[in-house]
Structure formats: C-alpha cells, structure tokens
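Every chain is numbered from 1 and lettered A, B, ... according to where its sequence line falls, protein lines coming before strand lines.
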Amino acid sequence: MDSKSVISLRGITRDFQLGAQTVHVLKGIDLDIQKGEYVALMGPSGSGKSTLMNLLGCLDTPTGGSYHLAGRDVSRMDDNDLAAVRNKEIGFVFQTFNLIPRQTALQNVALPMVYAGASKEVRTERAEEVLRQVGLEDRMDHRPNQLSGGQRQRVAVARALVNTPSMILADEPTGNLDSTTSVEIMKLFDDIHKAGNTLVVVTHEEDIAQHAHRIIRLRDGVIESDTPNR
Amino acid sequence: MDSQTLTAVFKRLEASAPVVGRHTATQRIARLRALKKALLARRAEALAALKSDLNRAEPDTDLNELLPVTSSIDYVVGQLRQWMRPERHGLPITLIPGRAEVVYESKGAVLIVSPWNFPINLCLVPLVYAVAAGNSVALKPSELSPATADFLASLIAEVFPPEEVSVVLGGVEVAVGILDHPWNHIFFTGSPKIGSQVMAGAAKYLTSVTLELGGKSPVFLHPKFGPEAAGERVGWAKGLNAGQVCIAPDYALVRKDQRDAFIEGFKRGVVKHYSSSPSKNPDFCRIVHPRHWDRLDAWFQEAVAGGAEYWQVDAPNRDTCYYPLTIVWDVPEHMDLVCHEIFGPILPVKTYIETVDGLASINAQSRPLVLYLLSHDEAWSNGVIAETRAGATVVNDFYLHYMHPTLPFGGVNTSGIGKSHGLWGFREFTNARSVYRRGRWSPTMLLAPPYTDWKRKLIALVAKWL
C-alpha cells in the first residue's frame, strides 16, 4: 500500500446471493487513489459501478479483499464504526441534493457537524467558511426553495466539505441539472480540487468525466481501463 | 339539493337531537344491529356499487368496506353500556363533602362528510360512533363515488327515520351549503386542503371538528431488513386501492446503497401480487376520476422531465382511468411528487446515508398520518419513534393499526385533528360534561365575604395547608 493513498483497494470482490445463485458483481479490484486526485468512475449499468461506489462510501463491505481508507482498514468494520468513518472521512454529494427544505443553507451545511459533536460557534464559523468557498456568501439564510438548482447543489457540495473529509464522493452530481448549470457545478468541482480536495465522481456522462484528471472504467466487475486525463 | 332543503335537513336533525340524545344504550344498540343486518342483507348491492365506482374487486370490498363496519358495530355493541356510564372521580379535600363525575352526553346534531376512496367504510364507521354517542346525523357521501352514494342513501333510509339520520347527496355546492350551519360537531375525512376549509367554515360557528386527513406517509427502511423483501412488501401495499388510501405508504426512504435492490424487490412484488399487466387484471382498482388521473400523470411527467428515472409495470390508459404501479427515483426535491401527497400508485424512492439524515428528512415534512418502519432492530425503531411525530406507526406491516379496535386512529396537525375508533371514537362524538354535586350543606360559605378576622385566618390556613 502506498503511504500517500487515501484509498487503497486490494483484491476486492463482492458477491450477492440471488436465491440459490451467487452473483459475482466485483471480481477482484485493485485500486489506489492518492490524496488530491480527481477521479471519474464510469461504467455501464451492470458493470459494478454502483457496488464499488457503495464500498468506497463505506455503506457496504466487501466479500473478499481489503480496503484501506486514510490508512485504516475499513473492510471488516461493523456498522457503528463504518458510520463514524463515513462521517469523518467522506463527503457525499447526491444527484437529488438531499437538502432539508425547512432549514437555511447555513443550517443544512452545519448539520454533519452536529453529528460530529462540534459546538455551535465552531459549526457556524466553519459552515460560513465553506459556503463562501462555494460562492454562496450572500445566500446563507436562504432556504432550498429560494435557491436555483445550481445553488442547491452548491449547498450540497459545501455540506460535503464541512467536516474536511478525506474524499468527496459525488454520485451523478449533475443528473438533475440542465447543461449550463452542470458546467457551472463542474467548474466548482475544479475549484475545490485545486484547493487540495480528493474527488471521486461517479457518472455516466462522458463530458462530465472529462473534467477529471483520471478516468476509471469498469466492465463486468473488473477495471477495464484506468487512464490519466490531463 | 337546494339551500332550503339543506336548511330543512339541519333544522329537522337539530330539533330531534334532544330526543335522540335521550336514547338508552338498548335503543342505540338496536339501531346499530339493524344497520349491520341491512348492510349484510344488501351486500350484493354494495359490491356492485364499488365495482361501478372504482372497479373494486369483491374480496377487497368485503375486507375493506363491509368488515370494518360490521366489526365496529360488534365491538361498539359490546362496549356501549360501559362507555355510557358516568365516570366517578375522587375528591380533593377542599371539595369534600360532594360527588364528582363525568357524563358523556351526545353533542347533538352532527355532520359527517366522507370521501370516495373507501366510500362505505369511511361513511358508516363514523356513523356507528355518532349513533352510539346519541347524535342525530347528516351524512354527506362523496359525489365522486355516485353509485355507492345512492346505495348509502337507500340503506340509511331503510334503517333510520330521517329525523335521526339523513343523507344529503350532491357535489361541492351541496357540501358547502350543508357545512354552513351551526352543527354541534363536524367529522370530515379527506384532504388537508379541504380539511382546512372545513375547519374555517366550522370556526364561524365555533363548531368542534374531527379531521381525518392524510399527507405523505413514509416507509423508513432499516439497512438490515433486506431491501428486496422490503420492496416486495411495499409493492403490494402501494397497489391496494391503486394507492388511493389515506394511510398508504407515500414514499420510501432507503439507504443509498440498497436503493437498486429495493427497486428490484418492488418490481417483483408488483408482478407477484398484481401480475405483469394489471391493466388486464379485473381485480386492480382504477383511478376514481379523470381529473385525478391527469394530476398523477402530470406529476409523474414533471419528475421524468426533471431527470428522474422510473419503472412502470405497464402503460397508463386515461380512457379506462387505469394508472400502473410506478416506482421513480432521483426525483428533484422541489417537484410535486416529492412535496405533495400522491394518493395514487406511484412510489418515489428517496435515499439516506445515516439514520439521522433520514430522520431529518422525515421531520422536514408535515407530520404524517402513518410512519411505516421496516426493521428487525427494536432499538432503532424505538429511536425513530422517539425522534419523530406521526398519527401512528406500524412496524413491519401496512395498514393494520386501522383494524385494531382500541387503538386511536387519526393524524396530528396537517394529517388530522381528533381521533376515532373504539372509546376514542365514541368520545369524539360526545361532550365530556363535568358534574360536581354538593349536599345540603356547603362549607364554601365559610370562606365567603365579608372577610372578618377569623375568616381571614381560616382562608390563610386553607391557602397554606390545603
């Protein structure tokens, strides 16, 4: 394992039981992602892309192999430990934003820090900082329905950043946005990458993947190609 | 019915209310038994009416319309004498000597406004409690289930004299007209939007209300339950009455990694219980009215245009008012499917990562009529129940709290006001009147002015020690 790796997968397999039949969805994945990398994960439906994303996001554990995240072996952890790792190490960005409608942008962004046990002053200060970072300094008191689609996704990105995670994991982040707004959000991803964050973007859209500096393509449960994209 | 006829109905019921209120338990029980007997004798008409209004399968009508009415009558008949008995209460020392009790007296002339989705059940079950409580009653069934409304009018006329129970038939103007009278209580079942209008109308006369409403009832899935099995059960539950049930699961909240398996389970459940082409299944319900069909389809099309993905079991057909069971995911958050009660066979799936996120998402919506949990982890279920508010919660099944005779049924805030069923239903239609009796001698006079020196000392002692 490379000591600079945020993510290190070795021989990862994931089987699912479908009645009497065992389906091998991931058939041995080796993968290292370094700190500060910007990676796109692509693959057709049935390639194992979603299963790999769930493993990377610590929502699922592998059938075989090992997964080190930020130096810790998370492949054999129980649910409580996994939840703690998710909260500390991973910032999720959803296609549907998943914001709380009755809370302001600031409250939405501060929410993961409530679970992390930060004091109110610390939470507010940090939430304001990341909202400035995503260009929403004048929208902090707005609720989601007072924001455009692009602004809502910015709030979601700020929420993902708030706990300074080891990795941002974005699942089809522009799937519910029009093409102009998608470009705007990908520009934001470029910026947060430049600020030193590690990004993994799961997408099926080639032009979204082209923003990444490395593209990993999955097919039939194995990595089909892993190429730099500068 | 014109406004003069409606006023005459109100006046007639208002005039007879004191007489009906004096009915003994035996008299009330006789009326309820007559209602049960007539309903069972005319079962074939009931089945035909529901078939005509909603394409309802006969077993569904037996189970969801007739059985709730007959079992409510059986239960009430067994309990009524006990419920009607004045309730004796003990006395604090300051009120001795005396006697205190609560008398559950009839409210008077009451109005029941019922919806089209379970047109017999939701009309006659409240009637059972209203009659048990000794009220004279006006029933206003929905005009959207016309065959059943006609059946109810004929059934009620057979069982009750018009000064005890009257049915008023008609559309919105009749509903508005009949509401605009000083009723002693209004029991309304329907949407939160109309419920709010009913309450505003009742406010004019300070009439008390029971509002059985609805809202978005979530299904919150624990990650260890098994997403396929969960999807399969929800597929069945969403198909009942084509999702046109106030306590239907509205949307599912599933952990992100389990969403696809849940969707597969839903598909399997739909095919298993309703076949791969329910449009040809004579037992699958239709949407009540083209207006509702258009609403459902517009919400669905909006979501798809906004980037949502979906699966439909077969094709919608407006001509037959058929809408297929549909599951949608990745629906943008501000869209109608996510913001409003669906009341149809469409299930949006939302995802969460941590339980607390799921809780925050539930608590961000109006308080639901039911919060369904699928979970074998009791501590988790208890935690979710403690952190949320809902009219009811069912764990690992659907709808069954409705069938329990002594559990209160009703919502909270936007999902409803007041409770029905069992003792709760009886009390909803009564006034809990406090009666305190002194004997011939009252010590109160010892404390009455003028305040002489010794009275002041006595009052000081009473205030300090009693």
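- Counting heavy atoms from C-beta outward, B:F409 and B:H401 have side chains that approach closer than 4.5 Å.
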Donor-acceptor pairs, chain B vs chain A, cutoff 3.5 Å:
residue : atom : partner : partner atom : Å
B:K224  : NZ   : A:D79   : OD2          : 2.7
B:R255  : NH2  : A:L59   : O            : 2.4
B:K256  : NZ   : A:D171  : OD2          : 2.6
B:D257  : O    : A:N54   : ND2          : 3.4
B:D330  : O    : A:N176  : ND2          : 3.4
B:E333  : OE1  : A:L99   : N            : 3.3
B:E333  : OE2  : A:N98   : N            : 2.8
B:E333  : OE2  : A:L99   : N            : 2.9
B:H334  : ND1  : A:R152  : NH1          : 2.9
B:T351  : O    : A:N98   : ND2          : 2.9
B:E354  : OE1  : A:R86   : NH2          : 2.7
B:E354  : OE2  : A:R86   : NE           : 2.5
B:E354  : OE2  : A:R86   : NH2          : 3.4
B:D357  : OD1  : A:Y115  : OH           : 3.3
B:A364  : O    : A:R102  : NE           : 3.1

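- Of the atoms belonging to B:V338, not a single heavy atom falls under 4.5 Å from chain A.
- Identified under the ring pair (Phe, Tyr, Trp, His ring centres under 6.0 Å) test for residues 76-107 of chain A, with sequence neighbours left out: none.
- How far CH2 of B:W236 is from CZ of B:R233: 9.5 Å, rounded to the nearest 0.5 Å.
- In this structure, chain B has heavy atoms under 4.5 Å from both the backbone and the side chain of A:L99.
- In this structure, the side chain of B:S275 engages the main chain of B:S277 through a donor-acceptor pair within 3.5 Å.
- With sequence neighbours left out, the ring pair (Phe, Tyr, Trp, His ring centres under 6.0 Å) criterion links B:Y372 to B:F398.
- The shortest distance between side-chain heavy atoms of A:V39 and A:V201 does not fall below 4.5 Å.
- Listed by chain and residue number, nothing satisfies the side-chain hydrogen bond (donor to acceptor under 3.5 Å, both in side chains) test with B:S191 (two or more places apart in sequence, or in another chain).
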